[in-house]
Novice: 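Pasting a structure below so you can have a look.
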Amino acid sequence: MLTIDINCDMGESTLLWQYSIEKDIDLLKYISSVNLACGFHAGDAHTMHELVDASLMAGVGIGAHPSFEDKHNFGRTNMAIAPGKIYDIVLYQLGALSAFLKIQGAVLHHVKPHGALYNMAAKDFAMAEAICKAVKDFDAGLIFYGLSGSELIHAAMALDLKTCSEVFADRIYQDDGSLTPRSHKNSMIDDELLSLKQVLQMIEKRTVTSLNGKEVPIIAETICIHGDNPHALNFAKKIYESLKERNIDISYPANQ
């Protein structure tokens, strides 16, 4: 049986984005892993604590979602930061989130960078390597989630981290397999049927159709749905139910 992971970025409830934690909790029944904001781009100690507890109860894999320190722009500002400092901010955020798992006798399952940190490192091996070194030094058993075919995956593999190649249910792709910048008017998918069509193509054909109509090869091991997307709950429910109808197993990847 084919197995796929559905992940969702969560814990991003901030006044800037007018987003509530209740939406995150509703999403948990339709996903298999969660990436929790660690306070640098969104979220706070209370949000982390509540969502760790809710995620443990839901039985999903809990991952850290570290970013640049950029609450003013939701972690989406490109920053020129030395690899050593990238290492430090990632390590710091892993430690913060991990504390709330530790008190429950649990551990992190994976790490997925956020926003500009993710997109820049997807094309910059030195940045990706700094992130992956922090992950490996924190816990070499963690799974690293990164954009399919990107430098994030290459750097993680070079350091012998287990990887999970990520594709997106709600984003439009470029011809090189990168994500269309959010500044572009056609960067997001707002229609749930179009989202489902893209997901099924990525799983079944191992390709995605770019903004320019090019068929781009990808590896789909985990499907991301952005929790801050207004359509997130509808997308997640539709994708979850459609995959189940096709006898595709939905579960987070094993660490071993």
Side-chain angles (χ1 to χ4, degrees), residues 1-9 30-33 35 76 78 110 112-125 127-128 143-158 162-232 234-253:
M1 178 183 289
L2 180 63
T3 300
I4 196 79
D5 176 48
I6 301 176
N7 80 76
C8 188
D9 302 340
Y30 301 116
I31 65 172
S32 47
S33 64
N35 322 303
R76 292 177 179 158
N78 286 358
H110 66 275
K112 172 192 164 181
H114 167 83
L117 181 63
Y118 182 102
N119 291 323
M120 291 178 72
K123 297 182 177 181
D124 186 322
F125 185 85
M127 287 184 67
I143 301 174
F144 191 81
Y145 284 30
L147 182 68
S148 174
S150 71
E151 297 296 343
L152 287 164
I153 294 296
H154 298 155
M157 292 177 69
K162 182 172 181 179
T163 62
C164 192
S165 292
E166 182 176 45
V167 296
F168 290 80
D170 53 11
R171 296 293 302 275
I172 300 294
Y173 282 75
Q174 295 287 288
D175 290 351
D176 64 356
S178 64
L179 302 178
T180 300
R182 285 178 180 264
S183 57
H184 195 288
K185 66 178 181 179
N186 293 321
S187 66
M188 302 295 296
I189 296 175
D190 296 320
D191 183 277
E192 67 179 54
L193 292 179
L194 289 178
S195 172
L196 177 61
K197 180 181 178 182
Q198 176 162 293
V199 166
L200 293 177
Q201 177 184 342
M202 292 188 293
I203 294 173
E204 296 171 352
K205 297 184 178 180
R206 295 197 167 202
T207 66
V208 65
T209 304
S210 74
L211 181 63
N212 297 319
K214 180 181 178 181
E215 297 290 304
V216 182
I218 50 86
I219 296 172
E221 294 175 328
T222 184
I223 302 163
C224 175
I225 299 169
H226 287 97
D228 64 318
N229 187 320
H231 309 284
N234 289 337
F235 280 12
K237 186 173 186 293
K238 186 71 173 178
I239 291 168
Y240 179 91
E241 291 175 347
S242 296
L243 296 187
K244 286 291 187 180
E245 288 171 1
R246 288 167 171 77
N247 294 315
I248 296 174
D249 182 47
I250 300 169
S251 62
Y252 59 83

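All figures in this text were calculated on a predicted structure; none of them were measured in a lab.
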Novice: Do the side chains of Lys123 and Asp176 get nearer than 4.5 Å, heavy atoms only?
Specialist: yes
Novice: Roughly how far, to the nearest 0.5 Å, is the CG atom of Asn78 from the CG atom of Leu117?
Specialist: 10.0 Å
Novice: Given the rule in the side-chain contact (heavy atoms from CB on, under 4.5 Å) test, do Arg182 and Arg171 qualify, once you have shown the distances and angles that lead to the verdict?
Specialist: CA-CA 9 Å; Arg182 285 178 180 264; Arg171 296 293 302 275; 3.7 Å; yes
Novice: Tell me every residue that passes side chain to side chain donor-acceptor pair (under 3.5 Å) with Thr222, counting only those two or more places apart in sequence or in another chain.
Specialist: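 With sequence neighbours excluded, Thr222 shows a side chain to side chain donor-acceptor pair (under 3.5 Å) to Asp5, Asn7, given in chain and number order.
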Novice: Taking the side chain as everything from C-beta on, heavy atoms only, tell me whether Gln174 gets closer than 4.5 Å to Val216.
Specialist: no
Novice: Is the closest side-chain heavy-atom distance between Asn35 and His114 below 4.5 Å?
Specialist: no
Novice: Side chains of Ile239 and Ser242: closer than 4.5 Å at any heavy-atom pair?
Specialist: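 Counting from C-beta outward, Ile239 and Ser242 never come under 4.5 Å.
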Novice: Under the criterion side-chain contact (heavy atoms from CB on, under 4.5 Å), I'd like the reasoning laid out for Leu243 against Ile6: C-alpha separation, chi angles, the key distance, then a yes or no.
Specialist: CA-CA 10 Å; Leu243 296 187; Ile6 301 176; 4.2 Å; yes
Novice: Look at atom CG of Leu196 and say whether more than 12 heavy atoms of other residues, nucleotides or ligands are closer to it than 6.0 Å.
Specialist: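 Yes, because the 6.0 Å sphere around CG of Leu196 holds more than 12 heavy atoms from other groups.
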Novice: Which atom names give the shortest non-hydrogen contact between Ser178 and Leu147, and what distance separates them?
Specialist: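 Closest heavy-atom pair between Ser178 and Leu147: CA-CD2, 4.1 Å.
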Novice: Could I get the full list of salt bridge (Lys or Arg N to Asp or Glu O under 4.0 Å) partners for Lys237, not counting sequence neighbours?
Specialist: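 Listed in chain order: Glu241.
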Novice: Check whether any side-chain heavy atom of Ile218 lies under 4.5 Å from a side-chain heavy atom of Ser165, and answer yes or no.
Specialist: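 Not in contact.
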Novice: Quick one: CD1 on Ile223 to OG on Ser33, what's the gap to the nearest 0.5 Å?
Specialist: 10.5 Å
Novice: In terms of heavy-atom contacts, does NZ of Lys244 have more than 12 from other residues, nucleotides or ligands at under 6.0 Å?
Specialist: yes
Novice: Of the non-hydrogen atoms in Glu151 and Asp124, which two are nearest, and what is the gap between them?
Specialist: CG-N, 4.0 Å
Novice: Does the plane of the ring in Tyr240 sit parallel, tilted or perpendicular to the ring in Tyr30? Use 30° and 60° as the thresholds.
Specialist: perpendicular
Novice: How far apart are the closest heavy atoms of Phe144 and Ala156, and which atoms are they?
Specialist: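 Shortest heavy-atom contact: CD2-CB, 3.8 Å.
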Novice: Name each donor-acceptor pair under 3.5 Å that joins a side chain in residues 186-195 to protein atoms two or more places apart or in another chain, with its distance.
Specialist:
residue, atom, partner, partner atom, Å
Ser187, OG, His184, O, 3.3
Asp191, OD1, Leu193, N, 2.9
Asp191, OD1, Leu194, N, 3.0
Ser195, OG, Ala169, O, 2.8

Novice: What's the shortest heavy-atom distance between Ala232 and Gly227, and which atoms?
Specialist: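 Minimum heavy-atom contact is CB-O, 4.0 Å.
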Novice: Answer yes or no: is there a donor N or O on one side and an acceptor on the other, between the side chain of Glu221 and the main chain of Ser148, under 3.5 Å?
Specialist: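 Flag not set: sc Glu221 to bb Ser148 has no pair under 3.5 Å.
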Novice: Quick one: closest heavy-atom pair of Ala155 and Phe125, and the distance?
Specialist: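 Shortest heavy-atom separation between Ala155 and Phe125 comes out as CA-CE1, 3.5 Å.
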Novice: Nearest heavy-atom pair of Pro113 and Leu152: which atoms, and what distance?
Specialist: CG-CD2, 4.3 Å
Novice: Between Phe168 and His226, does a side-chain contact (heavy atoms from CB on, under 4.5 Å) hold up when you go through it step by step?
Specialist: CA-CA 9 Å; Phe168 290 80; His226 287 97; 3.5 Å; yes
Novice: According to ring pair (Phe, Tyr, Trp, His ring centres under 6.0 Å), who are the partners of Tyr173, at least two apart in sequence or on a separate chain?
Specialist: none
Novice: Return the set of residues passing side chain to side chain donor-acceptor pair (under 3.5 Å) with Tyr252 (not counting sequence neighbours), or none when no residue passes.
Specialist: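 In terms of side chain to side chain donor-acceptor pair (under 3.5 Å), with neighbours along the sequence ignored, Tyr252 is linked to no residue.
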Novice: Below 30° counts as parallel, above 60° as perpendicular, anything between as tilted: where do the rings of His110 and Tyr145 land?
Specialist: parallel
Novice: Can you give each donor-acceptor pair under 3.5 Å made by side-chain atoms of residues 206-213, sequence neighbours left out, with the distance rounded to 0.1 Å?
Specialist:
residue, atom, partner, partner atom, Å
Thr207, OG1, Gln201, NE2, 3.0
Thr207, OG1, Glu215, OE1, 3.2
Thr209, OG1, Gln201, OE1, 3.4
Thr209, OG1, Gln201, NE2, 3.1
Thr209, OG1, Glu215, OE2, 2.7
Ser210, OG, Asp175, OD1, 2.5
Ser210, OG, Asn212, N, 3.2
Ser210, OG, Gly213, N, 3.4
Ser210, OG, Lys214, N, 3.0
Asn212, ND2, Asp175, OD2, 3.2

